[in-house]
Every structure is written in C-alpha cells, then in structure tokens.
There are 2 protein chains.
Amino acid sequence: MDRTTGASGFTGISGHVPLSPPTLADVAERAGVSRQTVSNAVNNPDLLRAETLVRVQRAIDELGYLPNRAARNLRTRASHLVGLRLSPVQEGTANAAMDRFVHSLVWTSREAGYHVLVFSGEGADPLEGYDDLVRSTAVDAFIVTDTYLGNPQATWLRQRRAPFVAFGRPWDDPEARHPWVDVDGAAGTELATRHLLDRGHTRIAWIGWRKDSRIGEDRRSGWSRALKERGLSTTGMASRVEDTVWSGRDASSHLLDEARPTAFVCASDTLAMGVLRTLAERGLHPGRDIAVVGFDDSQVAQVVYPGLTSVRQPLEEVAVAVVRALEDLLGVPTKVADGLLLTPDLTIRASSGA
Amino acid sequence: MDRTTGASGFTGISGHVPLSPPTLADVAERAGVSRQTVSNAVNNPDLLRAETLVRVQRAIDELGYLPNRAARNLRTRASHLVGLRLSPVQEGTANAAMDRFVHSLVWTSREAGYHVLVFSGEGADPLEGYDDLVRSTAVDAFIVTDTYLGNPQATWLRQRRAPFVAFGRPWDDPEARHPWVDVDGAAGTELATRHLLDRGHTRIAWIGWRKDSRIGEDRRSGWSRALKERGLSTTGMASRVEDTVWSGRDASSHLLDEARPTAFVCASDTLAMGVLRTLAERGLHPGRDIAVVGFDDSQVAQVVYPGLTSVRQPLEEVAVAVVRALEDLLGVPTKVADGLLLTPDLTIRASSGA
DNA sequence: CCGACCCAGTTGAACGATCCAAGGCGCCAG
DNA sequence: CTGGCGCCTTGGATCGTTCAACTGGGTCGG
C-alpha cells in the first residue's frame, strides 16, 4: 500500500488537492481495519459493531471518501444509470410535457440513487442509441416514452432482455408484461368537457389527431363520453388533423362555420393555439365568445393572453411511479402492479370563461 | 477460459440471449488471436496487419461485442460522461433555451463519444449534486450554464480541479481561465432594434431585467447602442423588471402611457408576452399598431398569434463549440481559444410588422 | 467433551479492460 | 550468419470494489 497520493485529505479543507481521490484502502488504513470492513460500513452498516462503525465513519468523513463508481459498477454489474431518450424537439409546437417530465424524473431518480443518462435518437432509426448503451452495459435500464403507434422500442428492448419502464400504455399489445405508467387522457378530456358543460355550453367541438393515433383517440373518447352522458350528439362536431397550429386554425375555422360550436376541446395546446388564432382573426374573444381548452398545460398555455385552460398531466406522480417500478425491476422483486393509470386535472384559466 | 456464457452470440439473431455480454476474451478466442490483439484492434487499429484486423473485426461483429464500460472506465480513469445540471423549470415563463440546448448538446456529444448525464440542483444549494459526481468520479467534466450573477459554481469547480466548460461568459471575473462559449446578447438586441428602425420606428422602448443582471444589461446595451447610432434618445424609454408576464404587462402599460413608443424590444419572450397582453387589453394589434420583439425564439413565440419576432440564439453552434472545448480539455491539448462569442440572428414574424 | 453456530472481522480472488515489458517467429538486408 | 523489423503472443500488474470463504474465539445444547 504505498500509494503516494490520497492520504492527505480530499476535501477542500487542506491546502492542496491530491491528484486522485481516496480509495477504500486509504480509509481502511486510516481507520485501522480491513478494506472489506470499510466496504461493509458503507453497504451493510449493521454487520459492524457500533464502535467500529463510528471509527470507520470518521475516517470516511475526514478523507471525504466516496466509492469509485467505475470500480463498483464493474463488480456489481450495474451502473445505477437509467437511459432516457429525448424525443426530437418539435419546433412550432407547444410541446412541454417532456421537459417537465425529465425534470421530475431526474429529481425522483436521484432520491432513489439513480442518475439519468439522456441520449437522442434524432436519426431515422428510433432504435439508434439504445444499442450502444445496452451492449456496453452503460445503463441498467431505460425509460421509454413513446409507446404509441406500434413503436418498435418496447419489442426490441424486450428481445434484448433490457429492462425498461414505459411512460405510456402498451396500446397495441395487451399481452405486454413490462411495467408501465400512464395518464388517463380520456379522463382529462372528460373533465375538460364536463367543465364546459357545467358552464352552460352544449355545443362543444373536438379537435384531435389523426385516427391512427391511439393517444388521440383515447383523448377523444373522453370528450364524446361526457357529451353522450348528457344526451348530446357528437356528430359533425369533431375534426382530426395534424398537430400543428395551422391545422388547428383551419379545423376550428371550418367547425365554426359548419357546426357553430360555442366551445372547443383540443388534444393539445398546439391545436388550441390554432383555435385562438381563428378567434383572433375573427375578432372573437376567447372565454367570452368562445371557450377553448387545451391539453398539457404547456408554457404557452400559461403565458398566452388571456390564459389557456388546459388539462395537466401529473408528471411528478408519473416520475415517482416510474422510479418505483424501476426499483422493483432492478432490485428486490416487490412486484407491484404491472401497469398504473393516473388521473390528470384541469388548470382553469380565462379561455374557458372568466 | 471456461465461461459458460457469451460464446453463443449476443445479437438477437440466435434463438436465445445469454446472460452476460461477450468479453474481450470471447472475441479473442473466436478470432483466434490474443486479448491484447483484440484490444489493439479496438483502440489502435493501425498496429494490426490489415488481414488480422478484418478477422478480429468480423468476430467483434458476430458476437456483437462492445467493451464493457465499467471495466474500461476503471482502467482509464475516465467515464466519457459529461454532467449537465438542469436549471429548475420556471412555470409561467416562456423559457425554451435550455430545452433546445440540451438536445443540441446531447446530439453533438454523442458524435464526440460522450454521453450526457443530467442532474438537478433544485434544492437551496446550487452546488448540491455536483459534489457526489465529482468525488465518485462519475463524470469527466461538467457543462455549466448559469455563470452570471456571481454564480459560485465556476469558482467551486475550479477549486475541486473539476474540468468544466461554461455556456456563458465569466462576467464577474475577467481573470477566469476556463473555456467558455456565449452568445452576444447585445448583438441580438441591436439586430432587433435596427430591424425596427429600418421599418420606420423611432420611438422604441426597452423592457428588460433588473439592473444586477449582467445578461440583462448586456442585452439592453444593444438596444441603446442601435438607438444612439441614429441619434435617438433612450431616456424614459426603458423599464427594468422581473422576468414574468405580469411585469411585462405592467411595464409596457406604463411605457405606453408615459413615453408613447411605437415598438418594444424585450429581454425575453416572457416579457414580450406581457406586452402582447397589454396590447390585447387595449384593443391594439401587434405588428400593425405596435411592434414587439422578444428574445429566445421560444415555442411561445412560434405559436402565439400573430407570431412573435424574436432573437434566436444559435444553440446548435454553441453546443458544437462547447463539445470542442470539452475535447480540448480532456483529450489532447490543442488549446483553441479560451472564450468564444457567437452571434444570434432574428426570426421575423408578424409582431414586428406584417 | 464435542460439534454446531454466531460474531466481527480478515484474506484472496474475482469483475473486464488496458497497459507494459519481454519475447517468439518469420523474413529480409547487410 | 547476424541483426533488425513487423506483427503478434504471453504473462502479469493495475484500476477500486465486492463476494465467498475462512479465522479465531466464545456460547450453547446434548
């Protein structure tokens, strides 16, 4: 043990900083015990006599010791890292969910002892990026966010035996056995529609996504359920378009002319912004003349005039549930539920009536 | 070499997936060479005869071998990970720069062989989070984004000898020796102001941040420089407030009453949204009656009616420069410039005149 | 009195890649 | 024949941690 560095303290207290951080052996030497005992002090404190534990702990504090990740990872065959693929930035949309989710996830993961490694799959192949990480054992598991539309990620990851938790239901595969967490979009739009019904609206239109979007159809079902519940018809009141401001503008413009709704429920804030644009062009005032509700409670909804009522996903709760599923997957098999569906709420602003 | 796993192929081609990925030794055996040769094939290909290289390469491909990160990290004392602290999500603002920057950074880093580890410093102490990562040698370097207002991160990291690159100038410390990349905010607002001057405006107001914000004052200087260049006065034309929509609303309302500007340049899109609110409340039309320019080209600017002209930071270029500085810092000391200042451009939309 | 068992530690061997030194072997030039 | 060079092998050490096996003493039941 003739390491020439590290024994002189690693914290900022002493005058100089040594080249390399202290190791288990340094701590052991200082505490007068063996390496293994120090290791136990860190990982299985109850194996030590109280007195010894104190002595080791003091040595740890004095040296500012923290286990070297690489060494620990090598031995335990785990990195305590979870991979999260960032979906491409959509310019010109109001998408804000990802941002909030990432923050919540990072925060929650840290509590559980995990760090988040982000990577991107911008290129053509959505699987690009996963491969390297799996094969080089860089992450312990993945968080997968886009499970809709027959997304191949889930299948691919299962084949590779790569553990993962999904934010999003396995729409296409009821046999799926992986853990997932999702938000009940239908409940959200139902909430929104009821809110408008309670305010006296009876002609409430829907602007959503293309029919092959499972999420879009789910959200749409909440709107139609709420209307039918009150014996109101939905025919001619729905439009399904791309998720852009201009699509929302055109769709709302058509609906206003044809179906004469007094309120709009939209599958996204982006589409709702399109509705607001139509209203502005026609000199109509959102909230007073026509009510509008969006989905996701994005920054746009928060700052736009006069404030956009929007369905807000409980992303903090999602993150907590995802991390819990992760711990279950990687640690002891407590085996909680396979899937968990959370309920969103509604942030009410002036666009649905002041 | 009696590993019972790994020799049967790791890719999804064969029927079953072995429990552990192939190692150097597996590849060596299959290619009929020694471990050392495989290692050389991966790290110093030019040491091998072309023919041998091909053989080893084929074995690598067939087994789907990738070096185990933990083992490599342990030996080379590097993780090929860079840490990025996410700044807290600001609800109710239009902040979008971080999001775009993260994406660009992740993308660029990957090209350079680095992955991005995100962590959060939500708590009271902005240094929280850094400490663990430094001491457990989890990351090779940091990307620091908030270097303004006497932020302690830079100083702290330097003391710990933790390599880092800053996105943002070391405003308070001209002696700083760390590499940094920044965007010339003043050039941006000058561009915006000139754009308005060219459109015939002469009474152009400024809404910015508190005086102790170095970034805010920098952006302000671009506005005043452009005005003075044309012999126009700035007195009574500026307001300095918090970065919220409501502050922007109040400030613009006051300025409209007192100074009668025909255009506004703002330090952020959030403030610009406040101006749009004032205009809406007064029945004024942005772009036709009063021109407005924001800063950051956020999603809000892109989707709001009738479209918000905004200064756009070249975050992709920033990311490229940051990663280059990183490589310089961690690899061979090519030693490019210490600091680099990039110029933003202006995304013109209807709010500054259709 | 003997074997089983617990306690509180210690010791040696992995984990998988990298790095280094020494050496083998075939081949060509001097 | 010798020396040198190109290309590869061999053996070993190393990074810092954790795991499995073991030690030496004490206690307990039969």
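All chains are named by letter (A, B, ...) in the order of the sequence lines, taking the proteins before the strands, and each is independently numbered beginning at 1.
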Discussion item. Please determine whether a side-chain nitrogen or oxygen atom of A/R75 lies at a distance below 4.0 Å from atom OP1 or OP2 of C/dA13.
Written reply: no

Worksheet, complete the sentence: By nearest-nucleotide position on DNA chain D, the 5'-leaning member of A/N44 and B/R49 is B/R49

Worksheet item: Looking at A/T37, does any N or O in its side chain come under 4.0 Å of the phosphate oxygens OP1/OP2 on C/dA8?
Response: no

Item to complete: Answer yes or no: side-chain N or O of B/E51 and base N or O of D/dC7 forming a donor-acceptor pair under 3.5 Å.
Response: no

Worksheet item: Between A/V106, A/L105, A/D99, which is the residue that forms a side-chain contact (heavy atoms from CB on, under 4.5 Å) with A/H103?
Response: A/D99

Worksheet item: B/P67 and A/S136: which non-hydrogen atoms are nearest, and at how many Å?
Response: O-CB, 3.6 Å

Worksheet item: Has the side chain of B/R72 got a donor or acceptor that lies under 3.5 Å from a partner of the other kind on the base of C/dT18?
Response: no

Worksheet item: Separation of B/N40 atom CG from C/dC19 atom P, in whole Å?
Response: 9 Å

Worksheet entry | Derivation and outcome, side chain to side chain contact (heavy atoms under 4.5 Å, CB included), residues B/V82 and B/V116 | CA-CA 5 Å; B/V82 295; B/V116 176; 3.9 Å; yes

Discussion item. Would you say B/N73 places a side-chain N or O within less than 4.0 Å of OP1 or OP2 belonging to D/dC15?
Written reply: no

Item to complete: Calculate the interatomic distance between A/L74 atom CG and D/dC15 atom C1'; express it in whole Å.
Response: 9 Å

Worksheet item: Rounded to the Å, how far apart are A/R69 CZ and D/dT18 P?
Response: 12 Å

Worksheet item: Contact class for A/V33 (heavy atom, under 4.0 Å): base, sugar-phosphate, or nothing?
Response: sugar-phosphate

Discussion item. Tell me the interatomic distance from A/L48, atom CG, to C/dC6, atom P, rounded to whole angstroms.
Written reply: 19 Å

Discussion item. In whole Å, I'd like the distance from the CZ atom of B/R35 to the C1' atom of C/dC15.
Written reply: 13 Å

Worksheet entry | Nearest heavy atoms of B/L48 and B/A41, plus distance in Å | CD1-CB, 3.7 Å

Discussion item. For A/L53 and B/T76, find the nucleotide of DNA chain C closest to each by heavy atoms; which residue's nucleotide sits nearer the 5' end?
Written reply: A/L53

Item to complete: Look at the side-chain N and O atoms of A/S34 and state whether any lies under 4.0 Å from the OP1 or OP2 oxygen of C/dT10.
Response: yes

Item to complete: Tell me whether the OP1 or OP2 atom of C/dT18 has a side-chain N or O from B/S39 closer than 4.0 Å.
Response: yes

Item to complete: May I have the distance from B/Q36 (atom CD) to D/dC7 (atom P), rounded to whole angstrom?
Response: 15 Å

Item to complete: Determine the interplanar angle of the B/W156 and B/Y130 rings, folded into 0 to 90°, and report it as parallel if under 30°, tilted if 30 to 60°, perpendicular if over 60°.
Response: tilted

Practice prompt. Quickly work out the B/R135 CZ to D/dG16 P distance and round it to whole Å.
Written response: 16 Å

Practice prompt. Please state how far atom CG in A/L24 lies from atom C1' in C/dT11, giving the value in whole angstrom units.
Written response: 14 Å

Practice prompt. Please check the phosphate of D/dT17 (OP1 and OP2 only) for any side-chain N or O of A/Y65 closer than 4.0 Å.
Written response: yes

